[in-house]
Structure formats: C-alpha cells, structure tokens
2 protein chains.
Amino acid sequence: MQRGRKPTKSPKEPDHASAAPSLRTISQHAGVSITTVSRVLNGRPGRIAPATVERVQRLIEEVGYRPHQSGRSLRTRESSIIAALTSDPSNAYFSAIAGSIESAGRNDNHVMILANTMGDPQRQDERLLEMRSYLTRGIVHFGAVPSPGLQRFLEQGVPMVFIIRPCPLPIEAPLVGVDDYRAGTDVAEHFISQDYRTYGVILGIEASRASERRYLGFRDRMKDAGHEVAVGGRHIGGSMMESGYLQATTLLERKPPPRAIFCTTDMLAYGAFRRCTELGLRVPEDVVLFGFDDNPLNEWVAPWLSTVRTPYESFGPSVWEVFNTLWTDRGSDPPQIILPHHLVIRPEDRAPITRHDA
Amino acid sequence: MQRGRKPTKSPKEPDHASAAPSLRTISQHAGVSITTVSRVLNGRPGRIAPATVERVQRLIEEVGYRPHQSGRSLRTRESSIIAALTSDPSNAYFSAIAGSIESAGRNDNHVMILANTMGDPQRQDERLLEMRSYLTRGIVHFGAVPSPGLQRFLEQGVPMVFIIRPCPLPIEAPLVGVDDYRAGTDVAEHFISQDYRTYGVILGIEASRASERRYLGFRDRMKDAGHEVAVGGRHIGGSMMESGYLQATTLLERKPPPRAIFCTTDMLAYGAFRRCTELGLRVPEDVVLFGFDDNPLNEWVAPWLSTVRTPYESFGPSVWEVFNTLWTDRGSDPPQIILPHHLVIRPEDRAPITRHDA
DNA sequence: CTGAAAGCGCTTACAG
DNA sequence: CTGAAAGCGCTTACAG
C-alpha cells in the first residue's frame, strides 16, 4: 500500500479520527473561509453578517464541532488547562476541593488535570515541567514541598495558587486558605473553656506551614493560660491515619493521658480514633478529639469528632478569582484570600433530615 | 509600537513564555537540526551518532526541555491525556481509584483529566465532545448515564473503559469491575448463615447496573432460601449519604424492622448509620449494615461496617491493561477484567498497628 | 548518520 | 463584511 505523492494525507489516521471535524470541515459546508468560522467561534471583531453567523453556528451545533485544543494552543501559546498538584490524593477533603475547583472552571471552559507529587521534591519538579509542556494556564498546589523547580516556576511568574497549605518557600505566594494561627487559638480557647485539664496535640508533616501555624496558635494560647501541651510526634510517612494512630499511641501512654487532643487535620483524628477504641476509650466522653477541615463525611460517620470547619465549597470560586487576578494584573501583590472558619462541636443536636422533594 | 515586517514574532509572548524551550532551542545549542533532536527524544530509527545523542540529551536535561504537547499532538493527532468522567466526584472510593489510575498512567507519561458529569446526560455529552477536542487517548467512566453522545462515541471506537459500573447502554463495552451479582449472593449467604431473620436493602440510582446486579444477586439468593427482602426505596438525587439516610428511615419504620440491611455502596450505609444512631440503634448489635466497596476510611472510622471489599489499588493497572489492549488490537472483543472481591466482616479482630520504621 | 520540508488545526494581523 | 497567508512546535517520509 505504497503511496508517494506530495499532498500526503494525515500521518496516521486512526479509525475514529474521521469523526472529529475541523475548522475546514465547517468552512466548506458553510461556504465561507476558515477565518470566518474562527471568528464566529470566538465572537471576534470585524463584525460578520448575522446570516453568516447563524449559518455557521447551526453547522457547528449540528456536527458537534469543538476546536482542536492542540491547534488552538499551539497558536496562542496558551491552553485552557489548569493543574491540581497534590501530595495527598487520598485526602477526601482535597477531593472535595478539587471537585469544587473543577466545577468553577467549567464556566470558563477550563479543564483540570489531577497529578500526584507523592510529596517528593523530585517528582514535584518533574510534574511541574510536565505541566508546562501542556501550557497549563495555572497550577493549584495542595501540600507542595520545597524544591528547586517550585522556586524557579514561582520566579518565572507561572500562575500558581496554594490552597490551605501555604507556599513552603519563603516567598509571598498566592493563597486561598484560612487563618490557621487564629483557628488554633480558637480551639485552645474552647478547650480552656471546657476545662479539660490535660492536653495533647497530633501534628502533620514537618514541612506543612498550615499544620505548624495551627499548632503555634494552639500552643501559644495554651501557654498564656498556663497549660502544657504534650506533643505526640510528627507525621513521618505512611498515611495520615496511620500517623494519627501512632501519635495517639504515644500520647495515651502518658500519665496522666491527655483529656483533649487537637489534631491538625481530620485524617489524623481518624487514626487517633481507632487507637482510642482499641484502648476502650470513648470519644468524646473519655478523650476529646478535635480535628481540622470538617471532612464532608464527618456528619455521617464521625459524630464524635469536633473540628474546625473550612468552607470547602468556597475554594473553587476563590481559586478562580485568584487566577483571574493573576491573569489580568500580573505584577501586583500576590492575591491571598482568607476564608472564614468556625468550630463545629460534636456530638451536636442533629435535626432529622427530611425529604425535600416528593 | 507598530512593527510590520514579515517574519513576525510569536503572536502574544506572555512574560514567562521565554522560559519554555522548544526543539529549536535545543537544536541551535547543540548545533544539529531539529529533526535530530526530535529523533533523540523519541529514540527513533535512523540511528544517530552516540556522541550526538549524548550531547543532545545533556542539553535537554540542562534546560529541562519537555516537548510542547500541543505541537506533538497536533502532528500525531493523538495526545497523552486520559480522562476520568464521573457522576459522583465526592465518592471517596472513586477518588482512590482515580488516584490509582493516575499513578499507573505515570509510567507511560500520561496525564489525567478529571471531569464531573453530574449524572446529567447533556453534560456528559458536552464533556465527551470536550474530551475529544483534547484528543484524549482514552476515557474512563465511573457512573456513566445513557446518552446519545455516549452511544455515538462507543460506536466510533473511542477507547472507553467503564469501572465498577458497567456501560449503561445495551452494548458490550470494556469494563473493569467485580462480579456484582455474585457478590450480592455472597452477602445473602452470609446473612442467612447468621440467621438474621428480617432483611432489607438500600439501593443506588436506578440507572446503575452495578447496583442492580448486586441487588438481584442478593434478592435471588434470599428468595431461594425463602426470605423476604424489604426495599427502602431508590436514590433520587442529593448525596448518596442523604439517600441512604432516607431509605433507612423508611425501612426502620417497618414492623418488625429489618435486622440486617444490605446497602449497595458504603456511602449509602453511612447515611443509614446516621439514621440508626438517631434512633438509638446500635450497629451492628441492633441493626447490621452491610456495604459495598470498602472505602479506605472504613478501617479507621467505620469499625461497625461490614462490606464487600473490592481491590481499588488494582484498578489503575487493570484500566491500563484494558487501554493497551484497546490501543493495539482494536476490533477484538471488548476486554473485561473482573477483579476478585471478598467480604469484610466488622468489627474484626484488629491487631494494633506497629511502627515499621524507626 | 543527518537535514530540509510538509503539514497537523488554529488565530490574527493585513488587505481588500 | 470577508479571505489568503503566516506561523505556533512537532514528527516523519524522503533524500542524501
């Protein structure tokens, strides 16, 4: 099957490629130039005859034409892709936020790539390079770690926004998060008001500035009130739950054991919970666990977990807002959005749910 | 700043674009043609002088060059993107699977787009069209709904694999899942062996063939044994948890209420659990709840939930295997991989976790 | 072992 | 109001 003439067909032609129409397809059917179709598509200047617009639009609709992104972004040097990089993909709270970002992006026809860095600086850099090769318009970080690549990208002005966990480098970077320090003091305040007497804390990874700030706020307020805080340890690999379990093990061996424990994320508290039940301790009757994030599942399966609720549904729109700022007035101060938080004390009085339809 | 000569520069030139090297950058620095660089990059035929290879490779490494995906896929009419479409992004079990797929794709330099269809046929079709405009190499469906677009894409031979929930259309389509019917009978078998006497079931959405099959297997086996099964209702929108809650409400109003309830997914069981606790019923002492999937969080926060465990870590590699089959021998029967399942009965004897390092 | 050239699908000055 | 043409970065026959 040798064919050797000049105007070669496309190089590969997979079976289903025939199905994907191009600008040319539309232009031929409509009897106009591809320029015109492109302009209709983008609502561009150089106004086009209403009749033409309508005809072209109908055609586009009919064949389900969508411009090939590769052609478009090759030309414009810009894509409609944003990337969400995380070191902790199993975190359900992150999933919820990722979902909210994805939804918010929908309105602007953006698409979201999800990538796992495994919390490894080298992999993170690899991912960053990869994302650039896709001309991603923006990168969302959840749990970034310090790395040379991160530094370089930050300096190059690649639009990046950190969610919840601030940039791990000593650089002012765009952020959507909560006032971690303040939230920590709020939890301390609550503990003090309940007069729990003995206190402990279970921490996330060393590199997490969010975890650090929550802890500092908590500890500072406790110290002010003259209370000591026992530290269970640090997250040292494995899952957060495992880590919470191990740190709880350490804490609960103390004499006396802490009556109330602040965990800097719900996942840690889940692990601690298991240890408590193993020891026959009831939560919160014997040991109070206080988490952070309010994982969406809590209200169903963790009625024993008090926590700091952060509005995960708001992250999507806020991240979007930051990106828009970044895309338009580049050069201004890095935008930071601090979302409100509040304490959720459980068990709470729960009203039975009633069917709202039917 | 009017410039009008022929060899125009790139159309837009964002500030950070300078940072992204191209084939030309490398070729100039190396003093070879872009053809050669491209060949080194792809390990292509027409063997290249080892010295050249090395020089080029060093350069690539140095500047952190990665080929622009838009250029590449415009030329090859193929991308390295796979898409995961779901109607249920908040499902932690799905997140776990998505993570496993993403990891598996890593090895082959693929990237994963995550998109939410909201279970709406129209949105699903919109997403499908959009994914085609990105030339996605494959689409993974979790909870697809019947739609004209789905049908069309299936017929056009776009590589798609359904995970857990089979294709909702009467078409044989690639699948990675479990033997749902059999799993349903297994649960029934267990219930019977425990002699729980009164039985109920809480179901997912009508369109879910997976949920349906689990139910049928369960009901058939129960019927064989002469037991009746009370149906709580159907998922009719809202979250799965809410739905489980409402169906449990209905079931538990019966006289006598079911002693054991099979929920076709863990999320439904979570909702049911809340209703049980509201009514002061203990799980599993008063009401046995049996779920499906074994959400990774269960072992930490739901020691009361027995469930059918499906090996979510195996999904990534299996999905990949199916895609590879689809990409190579197109035309053969749609590959289907049935992963093994087993019952997890909780509360189980749990050995305390010990630190494996340090 | 290496390179010049064509062309994938798009957008956008430029010229009518 | 409309179109011809250039060029984004890549891969791949084809020709040395």
Side-chain angles (χ1 to χ4, degrees), chain A residues 1-14 17 20-28 30-53 55-56 65-80 132-135, chain B residues 1-14 17 20-28 30-53 55-56 65-80 132-135:
Chain A
M1 197 59 112
Q2 301 235 35
R3 312 163 88 265
R5 278 290 58 82
K6 268 303 165 56
T8 33
K9 283 297 297 296
S10 66
K12 235 174 168 185
E13 199 92 57
S22 76
L23 222 40
R24 189 189 315 273
T25 321
I26 305 296
S27 77
Q28 283 174 345
V32 295
S33 72
I34 59 166
T35 308
T36 300
V37 180
S38 172
R39 282 206 269 250
V40 170
L41 216 50
N42 299 298
R44 275 294 138 169
R47 272 198 292 306
I48 307 159
T52 312
V53 172
R55 187 153 35 100
V56 170
Y65 168 69
R66 293 290 179 288
H68 283 49
Q69 294 295 331
S70 49
R72 176 177 285 198
S73 63
L74 181 55
R75 173 62 220 239
T76 61
R77 308 181 86 10
E78 190 170 273
S79 77
S80 307
R132 190 175 60 186
S133 79
Y134 280 93
L135 294 172
Chain B
M1 200 57 112
Q2 301 235 35
R3 312 162 89 264
R5 278 291 58 81
K6 270 301 165 57
T8 31
K9 283 299 293 298
S10 67
K12 235 175 168 182
E13 200 92 59
S22 76
L23 224 38
R24 188 189 314 276
T25 321
I26 306 294
S27 77
Q28 284 173 344
V32 294
S33 72
I34 60 167
T35 308
T36 300
V37 180
S38 173
R39 282 205 269 249
V40 170
L41 216 49
N42 299 298
R44 274 294 138 168
R47 273 198 290 308
I48 307 159
T52 311
V53 172
R55 187 154 34 101
V56 170
Y65 169 68
R66 293 290 178 290
H68 283 48
Q69 295 295 332
S70 49
R72 177 177 286 200
S73 64
L74 181 55
R75 174 61 221 240
T76 62
R77 308 179 85 17
E78 189 169 273
S79 77
S80 307
R132 190 175 61 185
S133 79
Y134 281 93
L135 294 173

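Proteins get letters first, then strands, A, B, ... in listed order; numbering begins at 1 in each.
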**Complete:** Side-chain contact check for A:Pro67: nearest option of C:dC10, D:dC8, D:dT11 is C:dC10
**Item:** A:Ser38 vs C:dC10: side-chain N/O to OP1/OP2 distance below 4.0 Å
**Value:** no
**Message:** Over all strands shown, is A:Thr52 touching base, sugar-phosphate only, or nothing at heavy-atom distances under 4.0 angstrom?
**Reply:** sugar-phosphate
**Prompt:** What's the closest nucleotide to the A:Ser22 side chain, out of D:dC10, C:dC10, C:dG3?
**Reply:** C:dC10
**Asked** What is the distance, rounded to the nearest whole Å, between atom CD1 of B:Ile34 and atom P of D:dT12?
**Response** 13 Å
**Message:** If you only use heavy atoms from C-beta on, which nucleotide in C:dT11, D:dC8, D:dC1 is closest to the side chain of A:Arg77?
**Reply:** D:dC8
**Asked** For DNA chain D, which ranges pair as stems of 3 or more consecutive Watson-Crick or G-U pairs, with both donor-acceptor distances under 3.5 Å?
**Response** C:1-3 with D:14-16, C:5-12 with D:5-12, C:14-16 with D:1-3
**Prompt:** How many Å lie between NE2 on B:His68 and C1' on D:dC8, as a whole number?
**Reply:** 9 Å
**Message:** Could you measure the distance from the OG atom of B:Ser70 to the CZ atom of A:Arg77? Nearest 0.5 Å is fine.
**Reply:** 8.0 Å
**Request:** Provide, to the nearest angstrom, the distance between the CG atom belonging to B:Leu74 and the P atom belonging to D:dT11.
**Result:** 11 Å
**Request:** May I ask you to verify if any side-chain N or O of A:Thr36 is less than 4.0 angstrom from the OP1 or OP2 atom of D:dT2?
**Result:** no
**Message:** Go nucleotide by nucleotide along DNA chain C from the 5' end; which of B:Gly71 and B:Val53 gets its closest nucleotide reached first?
**Reply:** B:Val53
**Asked** Atom CZ of B:Arg24 to atom P of C:dA5: distance rounded to whole Å?
**Response** 13 Å
**Message:** Whole angstroms only, please: what is the CG-P distance between B:Leu41 and D:dC10?
**Reply:** 8 Å
**Prompt:** Using a cut-off of less than 4.0 Å, is there contact between a side-chain N or O of A:Arg72 and OP1 or OP2 of C:dT11?
**Reply:** yes
**Asked** Between A:Tyr65 and C:dC10, does any side-chain N or O lie under 4.0 Å from OP1 or OP2?
**Response** yes
**Message:** Within this structure, what is the OG-CD1 distance for the pair B:Ser38 and B:Ile26, rounded to the nearest 0.5 Å?
**Reply:** 12.0 Å
**Prompt:** Which residue, A:Thr25, A:Val56, A:Leu23, forms the side-chain contact (heavy atoms from CB on, under 4.5 Å) with A:Tyr65?
**Reply:** A:Leu23
**Prompt:** Could you give the distance from OG (B:Ser79) to OH (A:Tyr134), rounded to the nearest 0.5 Å?
**Reply:** 6.5 Å
**Complete:** B:Thr36 meets the side-chain hydrogen bond (donor to acceptor under 3.5 Å, both in side chains) criterion, sequence neighbours left out, with B:Ser33
**Complete:** When every non-hydrogen atom of B:His68 is compared with those of B:Pro21, the smallest separation belongs to CE1-O, 3.3 Å
**Item:** Separation of atom CG in B:Leu23 from atom P in D:dT12, rounded to whole Å
**Value:** 12 Å
**Prompt:** Could you give the CG-to-P distance, from A:Asn42 to C:dT12, as a whole number of Å?
**Reply:** 7 Å
**Prompt:** Can you tell me if the side-chain N/O atoms of A:Arg39 get under 4.0 Å from OP1 or OP2 in D:dC1?
**Reply:** no
**Message:** Within this structure, what is the OG-CZ distance for the pair B:Ser133 and A:Arg72, rounded to the nearest 0.5 Å?
**Reply:** 8.5 Å
**Message:** Mind checking if B:Thr35 touches a base, just sugar-phosphate, or nothing, with heavy atoms under 4.0 Å?
**Reply:** base
**Fill in**
A:Arg75 CZ to C:dT12 P, in whole Å, measures 6 Å
**CD1-CG distance between B:Ile34 and B:Leu41, expressed to the nearest 0.5 angstrom** = 11.5 Å
